[in-house]
2 protein chains.
Amino acid sequence: MARAGLTPERLARAGAELADEVGFDQVTVSALARRFDVKVASLYSHLKSSQDLKTKIALLALEELADRAADALAGRAGKDALTAFANVYRDYAREHPGRFTAAQMRLDAHTAAASAGGRHAQMTRAVLRGYHLTEPDQTHAVRLLGSVFHGYVTLELGGGFSHSSPDTQETWSRVLDALDALLRNWPAP
Amino acid sequence: MARAGLTPERLARAGAELADEVGFDQVTVSALARRFDVKVASLYSHLKSSQDLKTKIALLALEELADRAADALAGRAGKDALTAFANVYRDYAREHPGRFTAAQMRLDAHTAAASAGGRHAQMTRAVLRGYHLTEPDQTHAVRLLGSVFHGYVTLELGGGFSHSSPDTQETWSRVLDALDALLRNWPAP
DNA sequence: GCATTAGCCTAAAGGATTTAGGAAATCGCC
DNA sequence: GGCGATTTCCTAAATCCTTTAGGCTAATGC
């Protein structure tokens, strides 16, 4: 009986591809087993549960996103950094909608702490370094940027902006302009 | 055999309560049947499918949200309107996390057109009336506000802001201040 | 009052998750 | 190289959710 060579890593990777193809919440242990041409129960040697699979995909996506963001940020500052950073999220979501959805999954505290989530927060702070905000304004700004990026990309991906009037690329540029202007001129309490 | 008095509306309402209690994606036709002490198959006289149930809950949530927003907006303008409007979303999400999640569900074009989604867009435009933006900037701003509200509330609800340093109420206030400042001074292209 | 309709039921098929236990392939150590 | 231990994959089975089909009974209308 030839072995399929499954590992948690390969399963996570294949699960991520599956998520991009059929949507994150259509990802199922059964579907993944079919993809490897293996019986369902076999996957339970590598996965604790269906939830575990989804978590692994989320962690993979967070890593990939963080890697891309780190690349994009290298050697940039100010608005240049802000734009590059923001585009990483938007582009990733367009290329890998399933993974992007996975990355939004709620993780329990312990898993979250071991994830690339911290890198994201650190990098957002790095972007803000060009804007000379001091604490606690920097934290407020980190949260604002996270909200805008997450919110915009999610709504755009979900078709929430469909009435095409100004196209979404135009809006995206103007939103980044607006955020840059806001960060350069952050209002005092 | 006494009848349970099921209707699509009652099912949607009970489904919404269930969503708030156990989470939107734990909402299941079976669980709903148990709640009414009725056999599962009975619900299929009132629902086309499990998906249909979820859609009905989403539509209910969108309506409730739009009603609350309309109330909040009455007699307000400028930053006052902006704050009240934003707080509707945030408060609703905290009171009804399951319904709020439901409201983000992706709807097909036809269903979306028949939903309260249009009212939300109209009300966002109404909020912006106090800031004298002209098209297409108004559309850009509508999308920005939608992104921030959706993004912030989702991240806060999902525990994305947990490191409590400045509490999230403080950040929320400062984000609204920042948006107000930005809208009053929207950057030219 | 009785025919019709609508609401709830039982039955059953199909698919997903998960656990238990077995057999074969691989690995590590002599 | 051989051989026991471990790992990987399998079959079998329980449980739960979805969905359809067809029947019985309560409500409704003439």
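The sequence lines fix the lettering, A, B, ..., with proteins before strands; numbering per chain opens at 1.
The two atoms that bring D67(A) and R119(A) nearest to each other are OD1-NH2, 2.9 Å, heavy atoms only.
By the 4.0 Å N-to-carboxylate-O rule, K54(B) lies too far from D25(B) to be salt-bridged with it. Under 4.0 Å is where a charged nitrogen must lie from a carboxylate oxygen, and between R143(B) and E170(A) no such pair does.
The aromatic ring centroids of F161(B) and Y152(B) lie less than 6.0 Å from each other. Aromatic pair Y92(A)/H96(A): centroids less than 6.0 angstrom apart.
Q51(B) contributes atom CD, which lies 9.5 Å from atom CG of D108(B) (distance to the nearest 0.5 angstrom).
Of the possible polar contacts, none joining the R125(A) side chain to the Q138(A) backbone as a donor-acceptor pair under 3.5 Å is found. Side chain of R76(B) to main chain of A72(B): a donor-acceptor pair is present (N/O by atom type, distance under 3.5 Å, no hydrogens or angles).
Between Y44(B) atom OH and dG23(D) atom P there is a gap of 21 Å when expressed in whole angstrom units. In this structure, L43(B) places its CG atom 18 Å from P of dA6(C), rounding to the nearest Å. We find that CG of L47(B) is positioned 12 Å from P of dT20(D), with the value rounded to whole Å. Put simply, NZ on K48(A) is 16 Å from P on dT17(C), counting in whole angstrom units.
Residue H46(A) places its side chain closer to dT8(D) than to any other of dA20(C), dT8(D), dC8(C). Of the candidates dT11(D), dT10(C), dT19(D), dT19(D) carries the atom nearest the V40(B) side chain, counting heavy atoms from C-beta on.
In this structure, S50(A) reaches the sugar-phosphate backbone alone: every heavy-atom distance under 4.0 Å involves primed, P, OP1 or OP2 atoms, never a base.
Residue S45(A) has no polar side-chain atom (N or O) positioned under 4.0 Å from OP1 or OP2 of dT8(D).
Where the helix from dG1(C)-dC30(D) to dC30(C)-dG1(D) starts and where it ends, the local axes point in directions that differ by 20°; five pairs per end, rounded to 10°.
Ring geometry for Y89(A) versus F85(A): interplanar angle over 60°, hence perpendicular rather than tilted (30 to 60°).
Near-neighbour residues of DNA chain D inside residues 18-39 of chain A, defined by a heavy atom below 4.0 Å, number-ordered: V38(A), K39(A).
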